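Values below: every heavy atom of this structure, side chains too, minus hydrogens, waters and symmetry copies. These figures come from a predicted structure and were not determined experimentally. Read the numbers this way: they start at 1 and go in the same order the structure lists the ligands and their atoms.
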Amino acid sequence: MNISIIGTGYVGLVSGTCLAEFGMNVTCIDNNSEKIKNLNDGIIPIYEPGLESLVKKNINEERIKFVTNLSDGIKNSEAIFIAVGTPSRIKDGHADLSFVFKAAEEIANCLNGYTVIVNKSTVPVGTGKKVFDIIKKKNKSVEFDVASNPEFLREGSAINDFMRPDRVVIGCESLRAKKILSEVYRPLYLLETPILFTKRETAELIKYAANSFLATKITFINEIADLCEKVGANVSDVSIGIGLDGRIGKKFLHPGPGYGGSCFPKDTLALVKTAHDYNSQLGLVEHVVRSNDLRKKNNINLIKKASVNKLNGKKITILGLTFKPNTDDMRDSPSLILIPKLLDEGCSISAYDPEGLESAKKVFDDKRISWFDETYSAMVDSDILVILTEWNQFRALDFKKVKRLLKTPTLVDFRNIYNPKEMKEIGFNYFSIGRPEELFL
Ligand code: UDX
């Protein structure tokens with residue numbers, strides 16, 4: 001089966017490569033010629049575990065190729081996936097659909113037989129209908145359908161999430177489209193993966209509802225963690241205690257410095273905007289957006305507490321700059337707010353991230369930040385050590401060595417990696433989230 005994917009960003013590249021791995025003939029299309037050249041040479045523009053080898057394997061087995069010309073790229077394709085970016089519009093938080101509509105216009109000019117056009121990009125409810133109308137207006141003769149097939153990929157585990165998803169959601173308007181998309185996902189069907197066929201608008205809303213619910217769950221446990229600080233409870237045990245309830249589930253109940261990434265912040269905002277547009281209440285998600293933004297602004301308070309309110313002139317080591325481990329992605333990372341605030345307080349920063357250094361250097365241009373390429377050298381002579389992203393490299397630190405390197409044995413652990421009692425026993429001033437010190441006296 002011939003498949004085309006427009007957009008070779010995070011979603012398009014992973015989806016195209018995995019569909020090729022399923023045995024499809026995949027053509028990935030992007031107007032960035034340098035990116036396309038690199039991809040054909042097996043050079044991958046993003047860090048995603050396992051992606052490079054999978055791309056190279058499918059290039060060698062001639063199931064995937066990368067082109068810039070859309071007309072050639074979609075020729076003879078039975079399904080064309082639109083996987084272009086839909087960033088938040090700065091002025092109003094709506095999803096910017098200009099790249100989606102541009103792709104639709106270009107597709108309209110090149111269609112030459114029945115094709116299913118599939119929105120894989122995260123798009124507001126009703127976008128599929130708009131894409132249909134754009135194409136129909138430009139190309140009245142050809143038969144086609146527009147479907148919605150949102151992705152649920154997590155950065156850092158995207159290949160596994162595509163190859164072994166909890167479910168596939170497909171919104172389509174005809175049996176003909178359903179038949180083609182059933183064929184595309186047949187390998188997963190054979191794995192008994194639940195495939196939900198529904199209306200296009202329903203599939204579009206499922207994506208936003210899923211991400212907004214996950215963001216809500218994280219915000220809930222973050223606010224419970226703050227309450228734990230006040231009432232002397234242990235948020236880790238609260239997470240376990242509620243997560244054992246099958247109706248709640250234990251995942252996404254880890255308190256932290258606030259969620260980041262290219263999806264939760266963007267999708268929660270876009271869903272709130274959609275609700276406003278349709279004059280429908282979504283106060284819960286509105287609160288989640290505000291609460292998470294506020295949390296990122298207040299993270300500095302825990303470091304202030306650790307410095308006994310004397311931040312000026314202090315040297316702070318930050319381990320972890322990306323929004324989560326196993327990615328080089330800095331988008332909406334808590335570090336983007338915390339580091340400038342620390343600099344404003346007169347701190348100097350030593351920073352290390354296993355994969356995000358290059359991305360971070362592009363964002364921060366401040367000579368008060370020193371960049372390091374390994375964990376311990378970033379700690380030398382620092383007053384406070386901060387763990388912001390829970391990379392595996394930070395989960396078993398040699399604290400004897402850490403103590404020697406730091407000016408004072410002070411650790412602020414935004415991911416609750418370590419045990420407060422054990423840290424106290426080895427002489428650290430240890431600060432974490434939702435696990436007040438008196439619990440471990
Ligand atoms: C998310 C959704 O999980 C995925 O289904 C969707 O397709 C894209 O958006 P992603 O943003 O890559 O994936 O990462 P995810 O693992 O969901 O984490 C998002 C943010 O939430 C990160 O900043 C992470 O640190 C934070 N998080 C996650 C928590 O703070 N606590 C948790 O328990 C889980």
request  = Could you find the nearest protein heavy atom to atom 34 (C) of ligand 1 and give me its residue, atom name and distance?
outcome  = Phe252 CD2, 3.7 Å
query = Is ligand 1 less than 4.0 angstrom away from at least one heavy atom of Arg331?
reply = no
ask   = Which residue pairs pass the side chain to side chain donor-acceptor pair (under 3.5 Å) test with at least one member in residues 45-55, sequence neighbours excluded?
value = Glu52-Lys56
inquiry  = For Phe66, is there any backbone N or O sitting under 3.5 Å from a side-chain donor or acceptor partner on Asn40?
reply    = yes
ask   = Just checking, is any N or O donor in the side chain of Thr410 or Asn429 under 3.5 Å from an acceptor N or O on the other one?
value = yes
query = Is there a donor-acceptor contact under 3.5 Å linking the side chains of Tyr418 and Arg435?
reply = no
task = If you have a sec, work out which protein heavy atom is nearest atom 4 (C) of ligand 1 and how many Å separate them, to one decimal?
result = Leu153 O, 3.4 Å
Shortest protein contact, atom 20 (C) of ligand 1 (heavy atom only) = Tyr259 CB, 3.7 Å
note = Ranked by distance from atom 16 (O) of ligand 1, the top protein heavy atom is Lys324 NZ, 2.9 Å
request  = Would you mind listing which atoms of ligand 1 come within a distance below 4.0 Å of any non-hydrogen atom of Arg415?
outcome  = 25 (O), 30 (O)
request  = Check each heavy atom of Glu151 against ligand 1 and say whether those closer than 4.0 Å belong to the side chain, the backbone, both or neither.
outcome  = both
task = Specify the protein heavy atom at minimum distance from atom 27 (N) of ligand 1: its residue, its atom name, and the distance to 0.1 Å.
result = Ile218 CD1, 3.5 Å
ask   = Nearest protein heavy atom to atom 24 (C) of ligand 1, by residue and atom, and its distance?
value = Phe323 O, 4.1 Å
key: Close N or O approach (Phe152, ligand 1; < 3.5 Å)   = yes
key: Atom indices of ligand 1, in the order listed, that fall short of 4.0 Å to a heavy atom of Cys263   = 8 (C), 9 (O)
task = Go through the side-chain N and O atoms of Lys315 and Ser348 and say whether any donor and acceptor fall under 3.5 Å apart.
result = no
request  = Measure across Phe264 and Asn211 and return the closest heavy-atom pair with its distance rounded to 0.1 Å.
outcome  = CE2-OD1, 3.5 Å
message = For the residue pair Glu204 / Thr127, report whether a side-chain donor-acceptor contact shorter than 3.5 Å exists.
response = no
ask   = Who's the nearest protein heavy-atom neighbour of atom 12 (O) of ligand 1, and how far?
value = Glu155 N, 2.7 Å
query = Are Lys305 and Phe431 in a cation-pi contact, defined as NZ or CZ under 6.0 Å from the six-membered ring centre and within 45° of the axis?
reply = no
task = Specify the closest pair of heavy atoms between Leu181 and Ala147, including all atoms of both residues, with the distance to one decimal.
result = CD1-CB, 3.7 Å
key: Lys207 neighbourhood, listing ligand 1 atoms whose heavy-atom distance to it stays under 4.0 Å   = 6 (C), 7 (O)
Atom 1 (C) of ligand 1 - nearest protein heavy atom and its distance = Phe264 CE2, 3.5 Å
query = Taking atom types as modelled and ignoring hydrogens, do the side chains of Asn149 and Tyr185 form a donor-acceptor contact shorter than 3.5 angstrom?
reply = yes
ask   = Taking only heavy atoms of Leu253, which atoms of ligand 1 are found under 4.0 Å from at least one of them?
value = 33 (O)
request  = Could you pull out, from Arg154, Glu390, His254, the option with a heavy atom nearest to atom 13 (O) of ligand 1?
outcome  = Arg154
